[in-house]
There are 2 protein chains.
Amino acid sequence: MAVTIRDVAKLAGVSRSTVSRVINAKGEVDPQTAAKVWQAVKELEYHPNTSARALVRQRTDTIGLMLPDVTNPFYEKIIKGIEATTNAAGFNLTFYNTYEDLAGRRRMILSAIEGGKVDGLIIVGSHLGDKSTLLEMIARGLPISLIERSFSDPSIPCVVSDNKTGARLAVEHLLSLGHRRIGFITGNLHYQTAIERLEGYKETLSQHGIPIEDELIAFGDFEHKSGYEAMRQLLALPMPPTAVFASNDMMAIGAIQAIGEAGLSVPNDVAVVGYDDITFASMVHPQLTTIRQPLYEMGALAAQGLIERLKNGLETEPFKKFLPVELVVRKSCGA
Amino acid sequence: MAVTIRDVAKLAGVSRSTVSRVINAKGEVDPQTAAKVWQAVKELEYHPNTSARALVRQRTDTIGLMLPDVTNPFYEKIIKGIEATTNAAGFNLTFYNTYEDLAGRRRMILSAIEGGKVDGLIIVGSHLGDKSTLLEMIARGLPISLIERSFSDPSIPCVVSDNKTGARLAVEHLLSLGHRRIGFITGNLHYQTAIERLEGYKETLSQHGIPIEDELIAFGDFEHKSGYEAMRQLLALPMPPTAVFASNDMMAIGAIQAIGEAGLSVPNDVAVVGYDDITFASMVHPQLTTIRQPLYEMGALAAQGLIERLKNGLETEPFKKFLPVELVVRKSCGA
DNA sequence: CTGTTAGCGCCTTCAT
DNA sequence: ATGAAGGCGCTAACAG
């Protein structure tokens, strides 16, 4: 059996409540007794039982992070930002991979929070079809923070970045380099970010008096493979684009592969811009010109907001953060 | 307050123990009452409290996965293999990022298991300096499974792959392509895998009558950046290698970047072989020739072994798995 | 400053 | 087939 608080109490010659006071630094305790208790704790290598503690405290001090897939490189910086913040605040972090399973989402959220597995939840990048579930959860008062998904409803805490401006920066960069036939690879259009970036692309072209050609818009789903395929499609056009803006870096990397396989080179034959600035963007050759989202900061802010809410209860004002993005010029455009 | 088993009992007009029997499918219960209970469960959206349940059952049905950094792409396939297996067996999975913090490792393990956060632990790729901690934990009888780290002690369950043969396959492939000056980029030599791959490189060259030249061995640490820097160093040699074998794919990708920046091309000027076959290996351009470790399977096996141990107690025989690797020929060697 | 007491929500004998 | 009672390990009033 594992060592319990009774064992520590016995060894230290005090009551269980005193041990509890000492290890939780609550209430006044004679320094002498405290020392004896710590001594016993060390000697027995006592570790308070997490379940027992959570049960009586009615909180777990852990936050859940729900996203499609932890192992997707896109989430790296968001995760690091969240992790740093939760760690600093003394919270544990546990991951929930949804694998896009819309049907299971509602149950997952409920079982996580209502089942007392976590005190609150951070949800990243949810599908537009999740709308009603999300609204219901918020209406119930469940402590939830959203990243990359916003609602006009002011009661919903969320942090998003400026996707439209991001797309504009990308397109204008290519325009300034002299490109006029600029292809676009969409993300999965069931996601808010994908839609906003597409809108940004279209609006920017229009503003510069360039007609939008449907054949220059290829549909992807944010995955590497779809970027590769979309690029092949664009390359097969009678008049292929001289530049391509992909809705995320993974697809941009896929596009670069397709360009290379076609015997063409980046940026000489085709310029490529990505989106996100994931770690890999600067690791591939040529290094990717891209739009940087402040992913680490977004994670940190979402975590911070949730933690505040957890500490102060519902009286905390729900926050809405709208973060700026920036163009990062590297090698894939020949700039 | 969250709904508890009392609420369900009251609504269904039965006692709490009956509710417990129904939801856990234990003991005989009248189908009629069972139906009433399920009805109440649904109506109230009852979710059993995880802590209370864990406290009385003395188990959490969750397995911990301890690794340096979940967001490192190397772990993707291992994680997926573990996750699929634990899910299928009804276990939850929680991650522990160690960030190479040797000092904290012992405490993390103890607090996870002794604190009753997890029933058992899978530890991936631990530093050689962890030896005593690991041995101590095993000696205590803690349920732990190791991946990418083995001990001669038969009581320690571990799954590793054949690193020496992997290195041999890589070197022989380059040899067969006519290369004679083959550079090598080591991994972090505090890890078993790095040492074994270095040994494989040296032995293979010797067997083929090629002298080992120290200047052709550059030191890396498994990170992308170190591969880049090691390659620059090799390229600066009076007589640079015509081929390079990197101890993992991330460093190989870094090496390709350095080669490209030097105005040379892969595979025409320098051939490159990686190791691991992470997902990215086939996403970069040119696609990476590499040694495939059965990472998914390694994860699955480690999880399986741990779960068996958890179910059967200590009487389960500790397992040792030694898996084969294979050469995957793609584009980075010009084969 | 310290001990006693009473649960937290659930499962599990033991009766009935 | 069902209910009553006890306790998992811990914390938090309440006394003293």
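All values reported here derive from a predicted model rather than from experimental measurement. Letters go in sequence order (proteins before strands), and every chain restarts at 1.
Contacts between residues 110-118 of chain A and DNA chain C, counted as heavy-atom distances below 4.0 Å, involve no residue at all. The stretch residues 30-44 of chain B touches DNA chain D through B:D30, B:T33, each having a heavy atom within less than 4.0 Å of the strand.
Counting only residues at least two apart or in different chains, salt bridge (charged side-chain N to carboxylate O under 4.0 Å, His left out) contacts with residues 2-15 of chain B are absent. The stretch residues 29-77 of chain B participates, sequence neighbours left out, in no ring-ring contact (aromatic ring centres under 6.0 Å, His included) pair at all. The stretch residues 112-138 of chain B participates, sequence neighbours left out, in these ring-ring contact (aromatic ring centres under 6.0 Å, His included) pairs: B:H127-B:H190, B:H127-B:Y191. The salt bridge (charged side-chain N to carboxylate O under 4.0 Å, His left out) contacts involving residues 118-127 of chain B comprise nothing, where partners must be two or more places apart or lie in separate chains. Residue pairs satisfying the salt bridge (charged side-chain N to carboxylate O under 4.0 Å, His left out) criterion with at least one member in residues 45-66 of chain A, sequence neighbours excluded, are listed as follows: A:E45-B:R106, A:E45-B:R140, A:R57-A:D61, A:R59-A:D61.
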Ignoring hydrogens and angles, write down the donor-acceptor pairs under 3.5 Å from the side chains of residues 27-35 of chain A, residues two or more places apart or on other chains.
from  : atom 1 : to    : atom 2 : distance (Å)
A:D30 : OD1    : A:Q32 : N      : 2.6
A:T33 : OG1    : A:D30 : O      : 2.8

If you look only at distance, which donor and acceptor atoms sit under 3.5 Å apart when one is on a side chain in residues 85-93 of chain B and the other is two or more places apart or in another chain?
from  : atom 1 : to    : atom 2 : distance (Å)
B:T85 : OG1    : B:G81 : O      : 2.8
B:T86 : OG1    : B:I82 : O      : 3.1
B:T86 : OG1    : B:E83 : O      : 3.1

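End-to-end axis angle of the helix from C:dC1-D:dG16 to C:dT16-D:dA1, from C1' rotation axes over five pairs per end: 40° (rounded to 10 degrees).
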For a quick check, with a 4.0 angstrom heavy-atom cut-off, what is the B/S/- contact string for nucleotides 10-16 of chain C, read 5' to 3'?
BBBB---
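In this structure, NZ of A:K10 is placed 15 Å from P of C:dG3, rounded to the nearest angstrom.
Heavy-atom contacts of chain A under 4.0 Å fall on DNA chain D between two terminal nucleotides, which in 5' to 3' order are D:dG9 to D:dA13.
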side-chain hydrogen bond (donor to acceptor under 3.5 Å, both in side chains), that's the test. Do B:E43 and B:Q39 meet it? Break it down for me.
CA-CA 6 Å; B:E43 206 170 314; B:Q39 168 59 25; 3.0 Å; yes
